[in-house]
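Below, each value reflects all heavy atoms present in this structure, side chains not excepted, and no hydrogens, waters or symmetry copies. Along the sequence shown, residues carry numbers from 1.
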Amino acid sequence: MRSDDARSLLPIVVPTAAAGAVAAVISGVLAGGKGAIGAAVATLIVIVFMGLGLFVLQRTAKSLPQLFQAMGLMLYTAQLLLLFIFVAVFKNTTLFNPKAFAITLVATTLVWIGAQTRTHMKAKILYVEPDSTKGDKPENPGPKS
């Protein structure tokens with residue numbers, strides 16, 4: 001992972017992990033140890049799924065910029081569908097509290113999306129890529145007199 005990828009990922013992962021830690025504490029108090037485990041598993045799943053999605057989206061933006069918007073929409077749809085599948089698969093589990101798992105999954109997903117939006121809004125993104133090969137030469141020197 002390149003350093004600029006890590007810099008864009010860090011302001012998103014930290015609030016999500018913090019929200020997951022708060023959810024784990026609250027779930028531990030309300031639902032016991034299984035609630036805390038469910039919240040921790042949900043937080044880990046959100047960070048892994050959404051982090052991989054962001055990584056894929058950044059690679060797509062660099063290599064195929066014309067597909068960026070379509071890829072983003074498809075990626076978010078697939079991520080939300082996968083998270084829904086996780087909730088459906090684990091709704092009757094005895095490994096952890098399924099309610100704490102589901103609530104934490106939704107909450108940390110919302111925190112991830114909010115942090116990603118905030119990070120993107122604060123980023124200084126160039127709209128035009130400067131051409132470094134031309135140097136200080138004028139574009140059209142025109143005819144010499």
Side-chain angles (χ1 to χ4, degrees), residues 1-140:
M1 180 178 280
R2 293 179 14 193
S3 65
D4 58 334
D5 292 343
R7 279 188 303 228
S8 67
L9 193 61
L10 194 62
I12 301 167
V13 171
V14 170
T16 305
V22 169
V25 169
I26 292 171
S27 297
V29 169
L30 296 177
K34 289 193 177 209
I37 293 171
V41 168
T43 302
L44 184 63
I45 288 172
V46 167
I47 289 173
V48 169
F49 274 18
M50 300 301 240
L52 286 174
L54 182 61
F55 180 73
V56 167
L57 201 57
Q58 286 177 339
R59 293 293 172 228
T60 300
K62 288 178 181 133
S63 62
L64 301 166
Q66 69 275 16
L67 294 178
F68 179 71
Q69 185 175 13
M71 184 67 166
L73 291 171
M74 190 273 312
L75 189 64
Y76 283 126
T77 303
Q79 286 173 334
L80 293 176
L81 182 62
L82 284 171
L83 292 175
F84 177 73
I85 289 170
F86 262 89
V87 170
V89 166
F90 290 113
K91 71 179 178 183
N92 294 322
T93 188
T94 58
L95 297 172
F96 48 76
N97 187 313
K99 282 187 180 181
F101 174 77
I103 291 169
T104 303
L105 199 69
V106 170
T108 52
T109 300
L110 291 174
V111 169
W112 179 282
I113 291 170
Q116 188 174 7
T117 302
R118 182 179 185 275
T119 301
H120 179 72
M121 296 299 286
K122 292 182 70 121
K124 294 180 173 141
I125 300 171
L126 295 174
Y127 291 98
V128 178
E129 299 245 352
D131 190 12
S132 63
T133 59
K134 290 185 181 179
D136 293 327
K137 296 180 186 175
E139 288 185 24
N140 280 332

What distance separates Leu75 CG from Phe68 CZ, expressed to the nearest 0.5 Å?
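That separation rounds to 10.0 Å.
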Value rounded to 0.5 Å, distance of CE in Met74 from CG in Leu57
9.0 Å
Listed once per pair and sorted, the side chain to side chain donor-acceptor pair (under 3.5 Å) pairs that draw on residues 97-118, sequence neighbours left out
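Qualifying pairs: Tyr76-Gln116, Trp112-Gln116.
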What are the two closest heavy atoms between [X] and [Y], and how far apart are they?
X	Y	result
Gly53	Gln79	CA-NE2, 3.1 Å
Ala88	Lys91	O-CG, 3.4 Å
Lys34	Thr94	NZ-O, 2.5 Å
Ser27	Gly35	CB-O, 3.2 Å

Run the ring pair (Phe, Tyr, Trp, His ring centres under 6.0 Å) test on Phe90 and Phe96 for me, step by step, so that the C-alpha distance in whole Å, both residues' side-chain angles and the decisive distance to 0.1 Å come before the verdict.
CA-CA 9 Å; Phe90 290 113; Phe96 48 76; 5.6 Å; yes
For a side-chain contact (heavy atoms from CB on, under 4.5 Å) check, start with the C-alpha distance between Ile113 and Met50, then their side-chain angles and the critical distance, and finish with the verdict.
CA-CA 9 Å; Ile113 291 170; Met50 300 301 240; 4.2 Å; yes
Using a 4.5 Å cut-off on heavy atoms from C-beta on, say whether the side chain of Leu9 contacts that of Leu54.
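Yes, their side chains come closer than 4.5 Å.
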Between side-chain atoms of residues 40-49 and protein atoms elsewhere (two or more places apart, or another chain), which donor-acceptor pairs fall under 3.5 Å?
unit_1, atom_1, unit_2, atom_2, d
Thr43, OG1, Ala39, O, 2.9

Please tabulate, for side-chain N and O atoms in residues 10-17, each donor-acceptor pair with protein atoms closer than 3.5 Å (sequence neighbours left out).
unit_1, atom_1, unit_2, atom_2, d
Thr16, OG1, Ile12, O, 2.9

If you draw a 6.0 Å radius around CD in Gln66, do more than 12 non-hydrogen atoms from other residues or ligands fall strictly inside?
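Correct, the count exceeds 12.
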